[in-house]
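The chains referred to below are lettered A, B, ... by the order of the sequence lines, with proteins before strands, and numbering in each begins at 1.
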Protein chains: 2
Amino acid sequence: MNTTKIPKATVFRLTLYYRYLQTLCRAGCHTVSSAELAKGTRVNSAQLRKDLSYFGKFGVRGVGYEVKKLMRRIQEILGLSKSWNMALIGLDHIGYAMLQHRQFEKRGYNLVAAFDITGRYAGERIHSLTVHSIDEFDTVMQNNPIDLGVIAIDSEHTQQAADAFVRAGVKGILNFSSTLVTAPKDIQVKDADFTILLDNITYAITRDTNKLEVPSDIHSDAPLPIHGIALSV
Amino acid sequence: MNTTKIPKATVFRLTLYYRYLQTLCRAGCHTVSSAELAKGTRVNSAQLRKDLSYFGKFGVRGVGYEVKKLMRRIQEILGLSKSWNMALIGLDHIGYAMLQHRQFEKRGYNLVAAFDITGRYAGERIHSLTVHSIDEFDTVMQNNPIDLGVIAIDSEHTQQAADAFVRAGVKGILNFSSTLVTAPKDIQVKDADFTILLDNITYAITRDTNKLEVPSDIHSDAPLPIHGIALSV
DNA sequence: TAGATTGTTAATCGATTAACAATC
DNA sequence: TAGATTGTTAATCGATTAACAATC
């Protein structure tokens, strides 16, 4: 029983390595050095070797890593050859895109149920999947073993959606909503609200533009922003 | 000139604080303690106070923070009252969803141009925005001042899309593709490929299920995964 | 004044990386 | 053997948090 903690960042990068290895494999490469793989994934090469070392010794000194072998190892570590059933709540938002274009199915994530909270799509078949009304949630979830829940609504019902998923026995939740969600700690929750990333990008742009200053004395009594989630003040 | 480095994680959390403050504001709250705001954003309260301390002293000892005032401060710090023009490449994928449902426009991110690489939507008007063929990229970009580029294709053309955006003078790129993108370092790039998050969730689920083991000797010669981006081996 | 909560320090924790001995 | 590159150590860097003096 090895008790070394695996950094989350390491697990994240493992996926990056895997994808680059796929590219190399398709290109017919047989071996790759940590330097090359690191470059392709924008990572320090010592970082990469350290990441792999948490799981074993996969390379050959003086030579590098065998592409297919390393892929297989990462596959095993990440459980990439498993297949997972997902259910989706919300078709407004990003949910409709997920429903239409199932890129992730190639990666073992199968969308097997979709629930519309607006009622707009309920009953429709979209790419061979029938959209259910949210009222049918319990019945449908009972009849299908679902591993993962995807929340693609952005409203005061976000937490309810999460609760419903938890009750239905999912083990993980991907939350696209900008509302944070609470779940028992054995349920894996990841927030994927990309508008935060936009804010991060524009902050960095603004900082670069003005260079240098952390204003020592902010004192405008500027109005609250004109756009933005109606600040009914 | 204050040279203190602001941790990226701090900037990220600032958005979280802001959104929770919006909720409080709508609920009619006038003041909030670091403990409450921290709880609402799943953060340690010392963390929150430390985050704010990078930018100034916004609270009152023994009392807490004035909700509206703190919102205004974070707004200024993050530049949330600014407005940004975005262009989008790719309507297959998540791009179509962005085009249809413009939730982010409430936050000051305006989609002003969309380019289709498949030609499927070129010429169509979707929610008062005309979709252009990718051939018209240079012309359209020249005639509109674009701050941010969104990449929503997932193909070998990802880097070309990024290069085109850079040539057109964008200052930041949000990349939904699972291909990493290279750009000059004064261009802010954020990767938002959510399939990585799915991999992270399922890794954590699998780890929890088997508990404890970092296998000491992985030696299966299992086949490469059946799904997944055709491993043409 | 007594109670509450901030702002800040110092300790801790975790993640990154340079450097190099091991070894193919 | 000579050259190359891994695996690992130790140093560094950065981020989190407990604790508490300052102070409303």
Side-chain angles (χ1 to χ4, degrees), chain A residues 2-17 21 24 29-67 69-71 73-74 77 200 204 214-218, chain B residues 2-17 21 24 29-67 69-71 73-74 77 200 204 214-218:
Chain A
N2 188 331
T3 314
T4 317
K5 272 267 192 58
I6 312 296
K8 284 178 186 190
T10 292
V11 176
F12 186 89
R13 284 187 297 262
L14 243 28
T15 302
L16 259 32
Y17 304 148
L21 288 166
L24 291 173
C29 291
H30 288 267
T31 59
V32 63
S33 69
S34 63
E36 187 186 348
L37 187 47
K39 194 164 167 240
T41 50
R42 319 312 190 247
V43 152
N44 178 295
S45 78
Q47 176 86 268
L48 160 50
R49 294 196 300 276
K50 175 94 191 165
D51 283 341
L52 296 179
S53 77
Y54 287 112
F55 303 96
K57 305 180 185 186
F58 306 141
V60 178
R61 287 168 204 239
V63 178
Y65 302 89
E66 198 191 311
V67 171
K69 183 177 158 192
L70 186 53
M71 288 182 72
R73 296 294 181 253
I74 297 183
I77 294 164
N200 289 178
V214 170
S216 49
D217 191 354
I218 312 185
Chain B
N2 188 332
T3 315
T4 318
K5 271 269 191 59
I6 312 296
K8 284 177 186 193
T10 292
V11 176
F12 186 90
R13 285 188 296 264
L14 244 28
T15 302
L16 259 32
Y17 304 149
L21 287 166
L24 291 173
C29 291
H30 288 267
T31 58
V32 62
S33 69
S34 63
E36 187 185 351
L37 187 47
K39 193 162 167 243
T41 49
R42 316 321 187 240
V43 153
N44 178 294
S45 77
Q47 176 85 267
L48 159 51
R49 295 196 298 278
K50 176 93 190 162
D51 283 341
L52 296 179
S53 78
Y54 287 110
F55 303 96
K57 305 181 185 187
F58 306 141
V60 180
R61 286 165 204 242
V63 178
Y65 302 89
E66 200 190 309
V67 172
K69 183 177 158 194
L70 186 53
M71 287 181 72
R73 296 293 182 253
I74 297 183
I77 294 165
N200 290 178
V214 171
S216 48
D217 190 353
I218 313 184

Inset, instruction - For L52(B) and L14(B), run side-chain contact (heavy atoms from CB on, under 4.5 Å): C-alpha distance rounded to whole Å, both residues' side-chain angles, the deciding distance at 0.1 Å, then the answer. - result: CA-CA 8 Å; L52(B) 296 179; L14(B) 244 28; 4.2 Å; yes

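- A distance of 14.0 Å separates CG in N44(B) from NZ in K39(B), rounded to the nearest 0.5 Å.
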Inset, instruction - Both distances under 3.5 Å, Watson-Crick or G-U wobble: on that basis, could you give the dot-bracket string for DNA chain C, with [ ] for crossing pairs and | for other-strand partners? - result: ..||||||||||||||||||||||

Legend entry - Chi angles and distances behind the side-chain contact (heavy atoms from CB on, under 4.5 Å) call for Y17(A), V32(A): CA-CA 11 Å; Y17(A) 304 148; V32(A) 63; over 6 Å; no

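- With hydrogens and angles disregarded, no donor-acceptor distance shorter than 3.5 Å links the side chain of R13(B) to the backbone of V11(B).
- Put simply, chain B comes within 4.0 Å of DNA chain D, heavy atom to any atom, from dA15(D) to dC24(D), going 5' to 3'.
- Interatomic distance, OG1 of T31(B) versus CG of L37(B), reported as 11.5 Å (0.5 Å rounding).
- Of the residues in residues 40-53 of chain B, those placing a heavy atom less than 4.0 Å from an atom of DNA chain D are N44(B), A46(B), Q47(B), R49(B), K50(B), in numerical order.
- Across every non-hydrogen atom of S45(B) and A38(B), the tightest pair is CA-CB, 3.5 Å.
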Inset, instruction - With side-chain contact (heavy atoms from CB on, under 4.5 Å) as the test, would you mind laying out the steps for Y65(B) and L21(B) before giving the verdict? - result: CA-CA 10 Å; Y65(B) 302 89; L21(B) 287 166; over 6 Å; no

Inset, instruction - List the steps, then state whether side-chain contact (heavy atoms from CB on, under 4.5 Å) holds for T15(B) with I74(B). - result: CA-CA 8 Å; T15(B) 302; I74(B) 297 183; over 6 Å; no

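- Checked by atom type, the side-chain pair R49(A)/S53(A) shows no donor-acceptor distance below 3.5 Å.
- I77(A) has its side chain out of reach of Y54(A): every pair of non-hydrogen atoms, C-beta onward, lies at least 4.5 Å apart.
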